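A short worksheet on the structure shown next.
Whatever order the structure lists them in is the order used to number ligands and atoms, beginning at 1. Since the structure is predicted, the reported quantities are computational estimates derived from the model, not experimental observations. One-based numbering along the sequence shown.
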Amino acid sequence: MAKDNLPVVHVINGRQKKLLQGHPWVYGNEIERVEGEIADGELVTVVDFRGRYMGTGFYNSRSLITVRLLTHRQEEITDALIAARVKAACDYRRFVMQREGTDSCRLIYGEADRLPGVIADRFGDVIVLQVLALGMERYTQVIADALVACEQPACLLLNNDDAIRIKEGMTCFTKVLHGALPEETIIHENGVKLAVDVRGGQKTGYFLDQKDNHLFLRQFCRDARVLDCFSYIGGFALNAVRGGAREVTAVDISEQAVALIRRNAELNGAQINAVCANCFDFLRAQVKAGEKYDVVVLDPPAFTKAHANMANACRGYKEIALSAMRLLPAGGVLATHSCSYHMPEDVFVNTVLSAAQDLHRQVRVITLRRQDIDHPVLAGYPESHYLKSLWLQMLD
Ligand code: SAH
């Protein structure tokens with residue numbers, strides 16, 4: 001037992017390096033042995049094979065990520081420490097919240113805010129909180145109170161309705177913890193209005209990681225014919241309209257999402273053709289019909305949640321890139337995304353560029369972007385950089 005009387009997890013030789021570099025996870029197969037009585041969700045001390053202190057975190061035998069570290073230095077884990085982390089997280093987001101016409105951002109981004117498994121998104125006056133790691137469950141009220149104190153929202157909704165919770169040994173539910181949930185939640189992102197479904201939508205209701213890429217799109221859209229594939233509730237499409245597009249089409253497979261694209265077009269007085277379809281089929285049909293666009297956006301869901309499916313994922317990214325390029329004449333712009341951590345940036349870029357090669361088309365890279373800065377990347381924890389955003393121009 002260590003001085004603080006916590007059970008001790010000994011990590012196998014070779015895995016101390018990543019922990020020293022700041023990685024916050026210990027996988028089950030990295031544990032050599034456990035000393036003391038351990039219960040799921042309880043605090044443990046982690047030491048390396050020589051017994052050197054590596055950190056303190058939560059243990060959960062049901063999760064592949066068996067220990068999630070809260071600290072790499074010897075400090076006691078208290079309510080005050082958790083509340084201070086929440087405050088620091090909110091303080092950092094002032095950078096984003098001072099953007100003109102923006103009232104929404106990610107306030108807590110899990111491990112990158114040293115609050116493992118905790119997500120909090122601010123949607124205007126509503127904060128949506130998710131707790132996805134068993135060890136953090138008991139701090140839910142502490143986190144909620146700190147969020148309310150820092151941000152003074154009209155409503156705080158605990159949306160613990162994510163399948164990951166079942167894997168972690170928890171139940172799924174949603175509950176209003178503060179204030180009352182308005183009938184409709186309308187957010188502002190760089191001056192664009194968006195109705196967001198915080199109860200029944202995907203993830204917390206909206207993908208705040210794309211804010212800055214949405215804005216970036218505008219400059220390519222003057223008088224353009226724009227196609228937004230995997231549009232969700234129309235983030236890129238609405239910004240294309242703002243950028244002066246002459247015609248915008250948004251496609252998503254979810255009927256709920258397409259209904260919100262229509263609502264959002266109306267809220268902004270924008271003309272958008274909202275189509276409910278499978279983008280793989282839709283793109284193929286557009287190619288067959290000989291359609292042409294000036295700008296195409298591809299933003300599919302994660303094709304792979306595990307490293308093992310990489311080859312399949314690459315095929316998926318390549319197929320939609322091939323179709324999109326066929327729709328783009330010389331001068332056309334393609335913005336293509338991967339939101340899967342398991343797809344490394346270089347593999348993704350090479351996959352998309354290989355589509356151009358197959359078509360004997362020359363392209364140039366305009367830029368390679370990532371998730372917005374309210375989703376910062378924790379040093380030593382590459383998993384926190386997941387969104388790749390590759391912008392290309394067709395040269396011929
Ligand atoms: N571009 C959006 C986020 C997209 S998330 C934004 O900027 O906010 C991915 C979207 O792809 C989800 O809305 C999901 O419903 C949709 N989707 C998943 N599979 C699809 C498919 N085969 N065809 C069309 N849409 C799909």
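Here the side chain of Thr56 pairs no donor or acceptor atom with the backbone of Thr71 at under 3.5 angstrom. For Asp48 (side chain) and Gly51 (main-chain N/O), a donor-acceptor pair under 3.5 Å exists by modelled atom type.
At a heavy-atom distance under 4.0 Å, no atom of Ala257 approaches ligand 1. The residue Cys339 has no part lying near ligand 1, judged by heavy-atom distances below 4.0 Å. Neither the backbone nor the side chain of Cys229 has any atom closer than 4.0 Å to an atom of ligand 1 (non-hydrogen atoms only).
Remark: ligand 1 and Phe236 share no N or O pair separated by less than 3.5 Å (distance only, no angle test). At least one N or O atom of Gln202 sits closer than 3.5 Å to an N or O atom of ligand 1. Between Ile253 and ligand 1, at least one N/O pair is under 3.5 Å apart. Residue-to-ligand polar distances place Asp299 within reach of ligand 1: an N/O pair is separated by less than 3.5 Å. Taking distance alone, with nitrogen or oxygen atoms compared against 3.5 Å, Tyr206 stays at or beyond that limit from ligand 1.
Looking only at protein heavy atoms, the nearest one to atom 18 (C) of ligand 1 is Pro301 CG, 3.4 Å. Looking only at heavy atoms of the protein, atom 21 (C) of ligand 1 is closest to Phe230 CE2, 3.6 Å. Scanning the protein for heavy atoms near atom 5 (S) of ligand 1, the closest one is Phe207 CE1, 3.5 Å. Among all non-hydrogen protein atoms, the one lying nearest atom 15 (O) of ligand 1 is Asp252 OD1, 2.7 Å.
Salt bridge Arg94/Glu151: present, at least one basic N to carboxylate O contact under 4.0 Å. By the 4.0 Å N-to-carboxylate-O rule, Glu168 lies too far from Arg165 to be salt-bridged with it.
Near Ala277, meaning under 4.0 Å from one of its heavy atoms, ligand 1 places the atoms 23 (N), 24 (C). Close contacts of ligand 1 with Ser254, meaning ligand atoms under 4.0 Å from a residue heavy atom, involve 15 (O). In the vicinity of His214, heavy-atom distances shorter than 4.0 Å reach the ligand 1 atoms 6 (C), 7 (O), 8 (O). Close contacts between ligand 1 and Tyr232 involve ligand atoms 2 (C), 3 (C), 4 (C), 13 (O) [criterion: under 4.0 Å to a heavy atom]. Those atoms of ligand 1 with a heavy atom of Cys279 less than 4.0 angstrom away are 21 (C), 23 (N), 24 (C). Listed by atom number, the atoms of ligand 1 under 4.0 Å from Asn278 heavy atoms are 21 (C), 22 (N), 23 (N).
For the side-chain hydrogen bond (donor to acceptor under 3.5 Å, both in side chains) criterion with Asp212, the lone passing option out of Gln371, Arg369, Arg99 is Arg369. Among Tyr386, Tyr317, Phe303, the single residue meeting the ring pair (Phe, Tyr, Trp, His ring centres under 6.0 Å) criterion with Phe348 is Tyr317.
Other residues, nucleotides and ligands place no more than 12 heavy atoms under 6.0 Å from the CZ atom of Arg114.
Ring planes of Phe230 and Phe280: perpendicular class, angle over 60° (limits at 30 and 60°). Taking the six-membered ring for Trp and thresholds of 30 and 60 degrees, Tyr381 and His23 have ring planes more than 60 degrees apart, a perpendicular arrangement. Ring geometry for Tyr206 against His214 counts as tilted: the plane angle lies between 30° and 60°, on a 0 to 90° scale.
The cationic group of Arg225 lies under 6.0 Å from the six-membered ring centre of Tyr293 and within 45° of the ring axis, placing it in a cation-pi geometry.
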